Amino acid sequence: MESQANLTCQNLPTIFSSFVDTFVDFSVSGGLFLPPPITPKPQNPLQTIFPSPTRLIAIGDIHGDFQKSKQSFKLAGLIDDHDKWCGGSTTVVQIGDVLDRGGEELKILYFLEKLKREAAKVNGNLITMNGNHEIMNVDGDFRYVTKEGLKEFQDWAMWYSVGIDMKNLCNELGEKGCVKDLFEGIPLEFRGVRPEYFEGIRIRIAALRPKGPISERFLSKNQTVVVVGDSVFVHGGLLPKHVDYGFENVNEEVRDWICGLKGRVSRDLVRGKDSIVWLRRFSNELAKDCDCSTLEHVLATIPGAKRMIMGHTIQESGINGVCGNQAIRIDVGMSKGCTNGLPEVLEIDRYKGLRILTSNPLYQNGKEASLDAKPGFLLPELGPKQVEVKA
């Protein structure tokens with residue numbers, strides 16, 4: 001009996017700590033109960049190449065708009081009326097830019113993690129990616145943060161601090177080391193920032209800097225480049241130098257930087273106009289201004305690749321393809337913080353080909369005519385939009 005009691009006391013800190021994680025998750029995620037976070041394993045490479053699924057969905061930039069995010073998943077039949085995964089074995093790629101321009105960034109991050117867990121149970125897969133705004137926030141570049149976004153992080157920090165205090169108490173009982181101060185090394189004020197925003201900025205830095213609790217838990221699991229079947233996914237675009245560097249190397253270097261295991265990542269990879277998350281050479285809405293020859297060369301060097309799918313640059317006309325549909329652009333500016341566009345997602349079906357799923361009722365009447373006009377080519381260049389309209 002005595003040994004059993006001692007074992008219970010020894011396990012108490014771990015059990016209680018797990019409870020704290022779940023409690024804090026529920027408090028800051030709009031009521032989402034999640035299991036304790038899975039500890040990242042930086043030594044394990046992030047998966048970069050995925051087999052071709054029967055059904056693949058691509059979702060563009062969502063920038064802190066929780067409702068539009070859920071609408072996008074519902075358009076594709078991926079979640080039910082209770083916001084639970086119902087997409088079966090579908091593979092989904094969210095192209096990045098969850099952060100900035102809106103006030104529900106954390107709620108979206110928790111929501112996506114919940115869906116990842118639910119999808120995995122039924123052989124589905126939700127892949128989340130880094131956009132330039134994820135990189136900017138880890139860098140402490142908050143140019144596009146909103147007041148509402150700062151407030152959401154402040155609410156999170158309140159509960160997180162309560163959780164840390166409870167963990168430290170529990171660790172003291174278990175004779176373990178205390179969790180370090182969340183704000184260690186962060187200044188109290190910032191030049192050029194109004195004083196009322198100091199606290200929010202400090203919290204955001206603490207949460208999102210390398211090895212921060214939010215960056216390490218969520219952003220470190222993001223890929224920066226992935227290949228799914230014959231489609232290459234990237235937030236901005238790829239140049240030959242990026243292919244030569246190696247996609248696995250890109251993903252691991254960005255992940256290790258976010259986890260605080262290495263210094264800043266090369267400018268060629270994630271900073272500057274020709275980097276992977278900032279490139280716009282293939283995203284101009286005018287086809288004549290897109291660098292199709294470079295795109296064709298890049299795809300030719302990636303085994304089996306037929307197309308590059310990207311976000312980053314808002315397409316006011318909606319999802320579209322250029323360069324013979326080798327470049328497909330899926331950022332429709334759906335967030336209220338952008339152009340408040342109507343949600344659209346890209347579907348790639350093994351049997352039906354490519355098509356756009358949209359909530360825009362303007363395309364309802366033209367649906368059948370356009371599908372009949374070019375069967376099998378559901379993203380015609382500069383032609384009628386070929387879509388399935390969802391209520």
Side-chain angles (χ1 to χ4, degrees), residues 21-22 24-38 40 46-47 50 56-80 82-135 137-138 149 152-153 156 207-208 212-224 226 228 233 235 251 254-255 258 277 309 311 330-331 334-335 337 343 345-346:
D21 283 329
T22 304
V24 173
D25 285 346
F26 181 81
S27 302
V28 301
S29 64
L32 298 177
F33 267 124
L34 294 179
I38 299 172
L46 287 168
Q47 186 172 351
F50 294 83
L56 173 61
I57 296 291
I59 299 175
D61 308 30
I62 50 184
H63 281 304
D65 192 325
F66 187 44
Q67 292 305 313
K68 291 290 185 69
S69 301
K70 291 196 295 183
Q71 287 176 34
S72 298
F73 279 88
K74 285 182 178 178
L75 271 177
L78 298 170
I79 59 174
D80 60 22
H82 302 288
D83 299 334
K84 295 185 180 297
W85 178 268
C86 64
S89 61
T90 301
T91 293
V92 183
V93 179
Q94 197 285 313
I95 207 75
D97 276 10
V98 167
L99 299 181
D100 289 340
R101 303 187 188 277
E104 298 172 305
E105 302 155 286
L106 287 170
K107 191 174 287 188
I108 295 171
L109 290 175
Y110 277 94
F111 179 65
L112 293 177
E113 180 172 306
K114 178 185 82 78
L115 291 182
K116 282 185 180 184
R117 295 170 186 264
E118 293 173 354
K121 292 178 180 178
V122 291
N123 297 318
N125 192 14
L126 171 54
I127 301 166
T128 53
M129 301 191 67
N130 289 311
N132 59 307
H133 286 264
E134 280 70 46
I135 301 300
N137 275 268
V138 177
E152 188 189 31
F153 271 77
W156 163 83
L208 289 167
I214 295 298
S215 60
E216 188 167 26
R217 173 163 183 178
F218 297 107
L219 305 188
S220 69
K221 300 173 186 176
N222 290 353
Q223 284 95 329
T224 304
V226 293
V228 183
F233 289 87
H235 186 72
N251 284 334
V254 174
R255 187 270 315 277
I258 292 173
V277 296
I309 299 173
I330 64 171
D331 178 8
M334 72 176 80
S335 169
V345 302
L346 176 71

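Small disclaimer: the values here were computed from a predicted structure and weren't measured.
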When rounded to the nearest 0.5 Å, the distance separating CD1 of Ile62 from CG of Leu99 is 9.5 Å

So CG of Leu115 and CD1 of Ile79: to nearest 0.5 Å the spacing works out to 6.5 Å

> Is there side-chain contact between Glu113 and Arg217, with heavy atoms separated by less than 4.5 Å?
Replying inline: yes

Closest heavy-atom pair, Leu219 versus Ile258, reported as atoms and distance to 0.1 Å, is O-CD1, 3.8 Å

Side-chain heavy-atom pair His235, Asn130 within 4.5 angstrom cut-off: no

Hits for ring pair (Phe, Tyr, Trp, His ring centres under 6.0 Å) against His63, two or more places apart or cross-chain, chain-then-number order -> His133

*asked:* Walk me through whether Trp156 and Lys107 qualify under side chain to side chain contact (heavy atoms under 4.5 Å, CB included).
replied: CA-CA 10 Å; Trp156 163 83; Lys107 191 174 287 188; over 6 Å; no

Taking every heavy atom of Leu46 against every heavy atom of Lys221, the minimum-distance pair comes out as CD2-O, 4.1 Å

Here the gap from Ser69 atom OG to Glu104 atom CD, rounded to the nearest 0.5 Å, amounts to 8.0 Å

Contacts satisfying salt bridge (charged side-chain N to carboxylate O under 4.0 Å, His left out) that involve residues 57-71 (not counting sequence neighbours) are Asp65-Lys336, Lys70-Asp83

Please step through side chain to side chain contact (heavy atoms under 4.5 Å, CB included) for the pair Phe153 and Leu208, ending with a clear verdict.
-> CA-CA 10 Å; Phe153 271 77; Leu208 289 167; 3.8 Å; yes

- request: Look at the side chain of Glu105 and the backbone N and O of Val98, then say whether any donor-acceptor pair between them is shorter than 3.5 Å.
  value: no

Residues Gln94 and Gly60: closest non-hydrogen pair is NE2-O, 2.9 Å

Rounding to 0.5 Å, atoms CD1 (Ile309) and CE (Met129) come to a distance of 10.5 Å

*Do the side chains of Thr224 and Val277 get nearer than 4.5 Å, heavy atoms only?*
yes

Nearest heavy-atom approach of Glu152 to Leu106 is OE1-N, 3.0 Å

* To do: Taking the side chain as every heavy atom from C-beta outward, state whether Ile135 and Val254 have any pair of such atoms under 4.5 Å apart.
  => yes

Tightest non-hydrogen contact, residues Ile330 and Ala58, listed as CD1-CB, 3.8 Å

Nearest heavy-atom approach of Val345 to Ala76 is CG2-CB, 4.1 Å

Donor-acceptor under 3.5 Å (Gln223 side chain, Asn251 main chain): no

Show, in sequence, the C-alpha distance, side-chain angles and deciding distance for Phe50 and Phe233, and conclude whether the side chain to side chain contact (heavy atoms under 4.5 Å, CB included) test is met.
CA-CA 11 Å; Phe50 294 83; Phe233 289 87; over 6 Å; no

**Q.** Residue pair Asn132, Asp97: steps toward the side chain to side chain contact (heavy atoms under 4.5 Å, CB included) verdict
**A.** CA-CA 7 Å; Asn132 59 307; Asp97 276 10; 3.2 Å; yes

Here the gap from Leu109 atom CG to Phe66 atom CZ, rounded to the nearest 0.5 Å, amounts to 11.0 Å

Given the options Lys121, Lys116, Lys114, Glu118 meets salt bridge (charged side-chain N to carboxylate O under 4.0 Å, His left out) only with Lys114

When rounded to the nearest 0.5 Å, the distance separating CG of Leu112 from OG1 of Thr128 is 6.5 Å

